[in-house]
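Reading through the structure tokens given below for one structure.
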Amino acid sequence: IGNAANAKIRFRFDGDYYFWQIDDIQIVSTPKNRLAFTANNGAPAQDIVFGAGQDGARQGHQTLKQARPIAFDANVYNSGTLAQSNVKLQMKIFNSTGVVQTINSPVISSVASGDTASWQDLNTYTSAWTPSAEGVYGFTYNVMSDSTVVVSDTLALAVTDSTMSLDFGSWDNSIGASTSTYHGDGFQAANRIDLVDDELLFGAKVYLSTSGTQTTQPGGILELAVYDSSAFGANGFDPNKLVAYGQKVVDAADVSRTFVRFDFTDPNTGRGVELDLSSGAYFFNVTQYDNQGANYLAIRNDQTFAKLGGSGYFYLPNAPTPGWYGGYSNSKAFNNL
């Protein structure tokens, strides 16, 4: 209603019981200097990219051996009344000892009031950060101009000696055989783990949904199959490219510890399964059976950053058109498991 000759403000209570009190209403001018993170033309407010070509799966957990260059981008809206000069994205990366690196995007000389500076300009693609030591790293997106600063919440990335996963440690929703009528027995969900060096796979954990009405019940069945990334096609996974497999009936101990662990070590040598860099990446595919709904079964999903296209697929056995899909439209309900 900016510049309107007349304006009305209404507070409406709509309820059957309880009631309001409203006091101390104040009308203030739009700030002269104000920036805000914003989604823009389908791009999220903040994003993260992995790999030298920015085409790697987004892994919130990675080993130091498999560490890759990481870059960041953002969109910011000038919601103040004045143009903002010298706008840039600055990434602060820190661990328990303090800030370990500060990375800046190119500087935009001016962003007019009401305009948006997009990720195409506010990015650190030419100054990516590669972890050089193990640890849990926090990072914040800071967009600043000569007159103001806006800072994101702190996000985290784990670099360890042994763990890789696409999730960033946030359990945002659950997905599984029991979470949709399209799912059911035979529901499959796969994520792709990328490599930059040869690796040994000793085992894998599948974290169970264990909250309220979405608590996994003993009796369901999980199958975990690991495939060379070239195994996936229009009809699913080529069984000839299977490199590891395990099956487990979920029991009370699994629910109590909140995960099912699959052991892929050689029982004679204790050696893990060889994952070759020449394959580039591997898909970890979980098949779920809830025994026709008798044993609730779902696993955890992270929505921190949208998965990279091609890094995840699921199979819907009970959909009107059963088959493999890349996810739900405009949703991260299936994202990074």
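Quantities reported herein were computed from a predicted structural model and do not represent experimental measurements.
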Legend entry - Side chains of Tyr137 and Val100 in contact at under 4.5 Å (non-hydrogen atoms): yes
Inset, instruction - Considering only NZ, NE, NH1 and NH2 on the basic side and carboxylate oxygens on the acidic side, decide whether Asp172 and Lys332 come within less than 4.0 Å. - result: no
Inset, instruction - Indicate yes or no for a side-chain donor-acceptor contact from Asp302 to the backbone of Ser170 under 3.5 Å, with no hydrogens or angles considered. - result: yes
Inset, instruction - Please examine the side chains of Thr124 and Asn104, heavy atoms only from C-beta on, and report whether any two atoms are closer than 4.5 Å. - result: no
Legend entry - OH (Tyr182) with more than 12 external heavy atoms under 6.0 Å: no
Legend entry - Distance flag, aromatic centroids of Tyr325 and Phe334, threshold under 6.0 Å: no
Legend entry - Crowding at CG, Asn235 (>12 non-hydrogen neighbours, <6.0 Å): no
Inset, instruction - Run the numbers on Ile70 and Gln62 for side-chain contact (heavy atoms from CB on, under 4.5 Å), then give the verdict. - result: CA-CA 12 Å; Ile70 301 171; Gln62 58 183 292; 3.6 Å; yes
Inset, instruction - Carefully, step by step, assess Met91 and Trp129 under the rule side-chain contact (heavy atoms from CB on, under 4.5 Å). - result: CA-CA 10 Å; Met91 297 302 303; Trp129 167 69; over 6 Å; no
Legend entry - Inter-residue atom distance Asn336.CG - Ser165.OG, 0.5 Å rounding: 7.5 Å
Legend entry - More than 12 heavy atoms of other groups within 6.0 Å of Lys65 NZ: yes
Legend entry - Sidechain-backbone polar pair: Asn123 side chain, Trp119 backbone, donor-acceptor under 3.5 Å: yes
Inset, instruction - Compare all side-chain heavy atoms of Leu122 with those of Val76 and state whether any distance is below 4.5 angstrom. - result: yes
Legend entry - Test: Asp167 and Arg300 ion pair at under 4.0 Å: no
Legend entry - Side-chain donor or acceptor of Thr140 paired with backbone N/O of Asn142 under 3.5 Å: no
Inset, instruction - Drop me the distance from Gln59's CD to Phe305's CZ, to the nearest 0.5 angstrom. - result: 14.0 Å
Legend entry - Minimum heavy-atom distance between Ser209 and Ser174, given as atom pair plus value: OG-OG, 2.8 Å
Inset, instruction - Output the distance between atom NZ (Lys92) and atom CD (Gln90), rounded to the nearest 0.5 Å. - result: 4.5 Å
Inset, instruction - Please answer whether the main-chain N or O of Val260 pairs with a side-chain N or O of Asp254 as donor and acceptor at a distance below 3.5 Å. - result: no
Legend entry - Gap between atom CZ of Arg58 and atom CG of Asn191 - 0.5 Å precision: 12.5 Å
Inset, instruction - Would you check if Lys8 and Asn6 make a side-chain contact, meaning some heavy-atom pair closer than 4.5 Å? - result: no
Legend entry - Atom CG of Asp153 with >12 non-hydrogen neighbours under 6.0 angstrom: no
Inset, instruction - Would you name the heavy atoms of Gly312 and Lys307 that are closest together and state the gap between them? - result: O-NZ, 3.5 Å
Inset, instruction - Measure the acute angle between the ring planes of Tyr315 and Trp324, then classify it against the limits of 30° and 60° as parallel, tilted or perpendicular. - result: tilted
Inset, instruction - Decide whether Thr116 and Asn75 meet the rule of one side-chain donor and one side-chain acceptor closer than 3.5 Å. - result: no
Inset, instruction - For Ser152 and Gln46, work out which heavy atoms get closest and say how close. - result: CB-NE2, 3.8 Å
Legend entry - Main-chain N/O of Ala333 paired to Asn301 side chain as donor or acceptor, under 3.5 Å: yes
Legend entry - Test side chain to side chain contact (heavy atoms under 4.5 Å, CB included) applied to Leu201 and Phe264, Phe262, Tyr282, the passing residue: Phe264
Inset, instruction - Would you please test Tyr207 and Thr258 for side-chain contact (heavy atoms from CB on, under 4.5 Å) and show each step? - result: CA-CA 6 Å; Tyr207 279 83; Thr258 73; 4.0 Å; yes
Inset, instruction - Using the rule that two of Ile, Leu, Val, Met, Phe, Trp, Tyr join whenever any of their side-chain heavy atoms come within less than 4.5 Å, decide whether Leu297 and Phe314 are in one cluster. - result: yes
Inset, instruction - State, without any angle test, whether Asn173 and Gln303 hold a side-chain donor-acceptor pair at a distance under 3.5 Å. - result: yes
Inset, instruction - Taking all heavy atoms of Val255 and all of Thr210, pick out the closest pair and write down the distance. - result: O-CG2, 3.8 Å
Legend entry - Residue pair Ser311 / Leu166: nearest heavy atoms and the distance that separates them: O-CD2, 4.1 Å
Legend entry - Non-hydrogen side-chain atoms of Leu195 and Met164 separated by less than 4.5 Å: yes
Legend entry - Whether Ser113 side chain and Gly80 backbone form a donor-acceptor pair below 3.5 Å: yes
Legend entry - In one Ile/Leu/Val/Met/Phe/Trp/Tyr side-chain cluster, 4.5 Å: Phe50, Leu308: no
Legend entry - Side chain to side chain, His183 and Ile175, heavy atoms closer than 4.5 Å: yes
Inset, instruction - Report yes or no: do Ser178 and Asp290 form a side-chain donor-acceptor pair below 3.5 Å? - result: yes
Legend entry - Side-chain donor/acceptor of Asp276 to backbone N/O of Ser278, under 3.5 Å: no
Inset, instruction - For the residue pair Phe187 and Leu316, establish whether any side-chain heavy-atom pair is separated by less than 4.5 Å. - result: yes
Inset, instruction - Give, for atom CG of Leu337 and atom CG of Asn335, the distance between the pair rounded to the nearest 0.5 Å. - result: 8.0 Å
Inset, instruction - Look up atom OG in Ser118 and atom OH in Tyr77, then write down how far apart they are to the nearest 0.5 Å. - result: 15.5 Å
Legend entry - Joint hydrophobic cluster, Ile9 plus Phe13, side-chain heavy atoms closer than 4.5 Å: yes
Inset, instruction - Could you walk me through whether Tyr245 and Asn285 pass side-chain contact (heavy atoms from CB on, under 4.5 Å), step by step? - result: CA-CA 10 Å; Tyr245 174 82; Asn285 186 50; over 6 Å; no
Inset, instruction - Determine whether Ile193 and Leu277 fall in the same hydrophobic cluster, where Ile, Leu, Val, Met, Phe, Trp and Tyr are linked whenever their side-chain heavy atoms lie under 4.5 Å apart. - result: yes
Legend entry - Same cluster (ILVMFWY, side-chain, under 4.5 Å), Val150 and Leu89: yes
Inset, instruction - Specify whether Phe232 and Tyr313 have parallel, tilted or perpendicular ring planes, treating 30° as the upper limit for parallel and 60° as the lower limit for perpendicular. - result: parallel
Inset, instruction - Give a yes or no answer on whether the side chain of Thr216 reaches the backbone of Ala298 with a donor-acceptor pair at less than 3.5 Å. - result: yes
Inset, instruction - Compare every heavy atom of Tyr141 with every heavy atom of Phe37, then report the nearest pair and how far apart it is. - result: CZ-O, 3.5 Å
Legend entry - Whether Arg192 side chain and Gly310 backbone form a donor-acceptor pair below 3.5 Å: yes
Inset, instruction - For a ring pair (Phe, Tyr, Trp, His ring centres under 6.0 Å) with Tyr227, tell me which candidate from Phe237, Phe283, Phe284 qualifies. - result: Phe237
Inset, instruction - Measure from the side-chain N and O atoms of Gln66 to the backbone N and O of Val196, and report whether any donor-acceptor pair falls under 3.5 Å. - result: yes
Legend entry - Between Ser279 and Asp228: side-chain donor-acceptor atoms closer than 3.5 Å: yes
Inset, instruction - State, with a plain yes or no, whether a side-chain heavy atom of Ser211 is found less than 4.5 Å away from one of Trp171. - result: yes
Inset, instruction - Verify the distance criterion only: is there a donor paired with an acceptor across the side chains of Tyr125 and Asp73 at less than 3.5 Å? - result: yes
